[in-house]
2 protein chains.
Amino acid sequence: MARPREFDEQQVIEKLMNVFWEKGYEATSMKDLVAASGLLKGSLYGAFGDKHAQYLAALRHYDRTRIQAGIDMLRGEGTPRQKIARLFDHVIDSTKKGIFAGGCLLCNASLEVAAMDREVKTEVKTTIRRLKAAIIEALQPAVPNEEQAGSLASFIVSAYFGTRILAKGGAPAAMIGATRDHCLRLIP
Amino acid sequence: MARPREFDEQQVIEKLMNVFWEKGYEATSMKDLVAASGLLKGSLYGAFGDKHAQYLAALRHYDRTRIQAGIDMLRGEGTPRQKIARLFDHVIDSTKKGIFAGGCLLCNASLEVAAMDREVKTEVKTTIRRLKAAIIEALQPAVPNEEQAGSLASFIVSAYFGTRILAKGGAPAAMIGATRDHCLRLIP
DNA sequence: TGAATTATTGACTAAATGGTCATAAACTGA
DNA sequence: TCAGTTTATGACCATTTAGTCAATAATTCA
């Protein structure tokens, strides 16, 4: 019908996401996004809208890829306790590697942007609900009661998010390990 | 010896802190700080240095006032379990009030700034260490073993920080209540 | 009083910000 | 081939940014 796109949208969104992930929303400039995407400003705006729309697209991409990967991990092999353990081990691993400073984009968005931004808040709430549901599912064999599982899942999400703050603030990995161990104790 | 300051430094720092607390570091402009402080730009720079120095001063002020208030709460009356409960109840209360959107400045700094800023990271680490030490102290009657108390305190800090993310992301207060209840279960 | 010192004031700046737009280019179907 | 449609390009813009500075004012000590 017309001139085709010269880039792969998903690949570009991945690059945009990485910038927001590492630098945060406010600290990211259009110049950064232009540089990372390889596109020119006009194309970026044409394809993804303004900075705010690009951020939302990045959040949704994070949900579809990274959060989904976590959910897949929760659906893998093992006992409920082993499944939850994997969640925390992933944080410990990335702390030890210590190269990528982004932490968890969902947590970053929640603290930096969500409180002042309705659309971001909605996106964050949706993703947290999805994550929590997957945890409830993972707990099912050990905690068949739905209400109990929901309550325990809320707690696990809190503790998990807390480790992301500690990790990014430079706390020792032992604090994260301790959190993990105490969490696992509450799973029957 | 010379012309005296026309303002109270502590009062001004309190106002600067409130801006950073509510808006975050990057989203706060010098214009905001000038407006909130009531001073003019030159005076602000003269008294507190540049934006970054003002942020550090705000963080230290937060430690001296709000974190200290938390520590005082932990040193008050009651069993260890009651003391820790107060920490979470405070989060639940401010969620229910729902007026001030700042959450916890320490958490905000940890996620938004610490990873990319050595000085902020140092400040954050120091404050977290102070908070953790107070929790260990509060746990002492129930967990006299120092290593066990340290491990449990790490976990409590994580869970507590996690609730601050949930609260700011718009999660229901029930999730925070659930976190609180599960945490308390791990205190003998 | 007057020298010395520090604080206040607000105009000023250079750079960066997010965002737009007219033009040229690439593609499709008729 | 050519009209119609979408994309790419980069120059352009108003605004905002953090930060400076020279002039003036207020204070103290001698």
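Naming convention: chains lettered A, B, ... in sequence-line order (proteins, then strands); numbering from 1 in each chain.
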* Asked: F7(A) vs F48(A) aromatic rings, parallel, tilted or perpendicular, using cut-offs 30° and 60°?
  -> tilted
* Structure fact -> Residue pair A47(A)/P4(B) against DNA chain D: nearer the 5' end by closest nucleotide is A47(A)
* Separation of K51(B) atom NZ from dG19(D) atom P, in whole Å? -> 8 Å
* Structure fact -> Atom NZ of K41(A) and atom C1' of dA22(C) are separated, to the nearest Å, by 17 Å
* Side-chain heavy atoms of I71(A) within contact of R130(A), under 4.5 Å -> yes
* On a plain distance test, is the side chain of R3(B) in donor-acceptor contact with the base of dA26(D) below 3.5 Å? -> no
* **Spacing between R5(A) atom CZ and dC27(C) atom P, to the nearest angstrom** => 15 Å
* Asked: For the pair made of CG in L44(A) and P in dT20(C), what is the distance, rounded to whole Å?
  -> 13 Å
* Separation of atom NZ in K31(A) from atom C1' in dA16(C), rounded to whole Å -> 8 Å
* Interatomic distance, L40(B) CG vs dA7(C) P [rounded to whole Å] -> 15 Å
* Asked: With a non-hydrogen cut-off below 4.0 angstrom, is S43(B) in contact with a base, only sugar-phosphate, or nothing?
  -> base
* Asked: In whole angstrom, what separates L33(A)'s CG from dA16(C)'s C1'?
  -> 14 Å
* To do: Report yes if the side chains of V157(A) and Y160(A) come closer than 4.5 Å at any heavy-atom pair, otherwise no.
  => no
* Structure fact -> Between E6(B) and T28(B), the residue closer to the 5' end of DNA chain D by nearest nucleotide is T28(B)
* Are Q140(A) and E137(A) close enough that some pair of their side-chain heavy atoms sits under 4.5 Å apart? -> no
* Remember a base hit wins even if backbone is also touched, and classify G42(B) as base, sugar-phosphate or nothing at under 4.0 Å, heavy atoms. => base
* Of the listed nucleotides dA25(D), dT27(D), dA18(D), the one nearest the side chain of Y45(B) -> dA18(D)
* To do: May I ask you to evaluate whether S29(A) reaches the phosphate of dA16(C), defined as a side-chain N or O under 4.0 Å from OP1 or OP2?
  => no
* To the nearest angstrom, how far is M30(A) atom CE from dC12(D) atom P? -> 20 Å
* Any side-chain heavy atom of F161(A) within less than 4.5 Å of one from I128(A)? -> yes
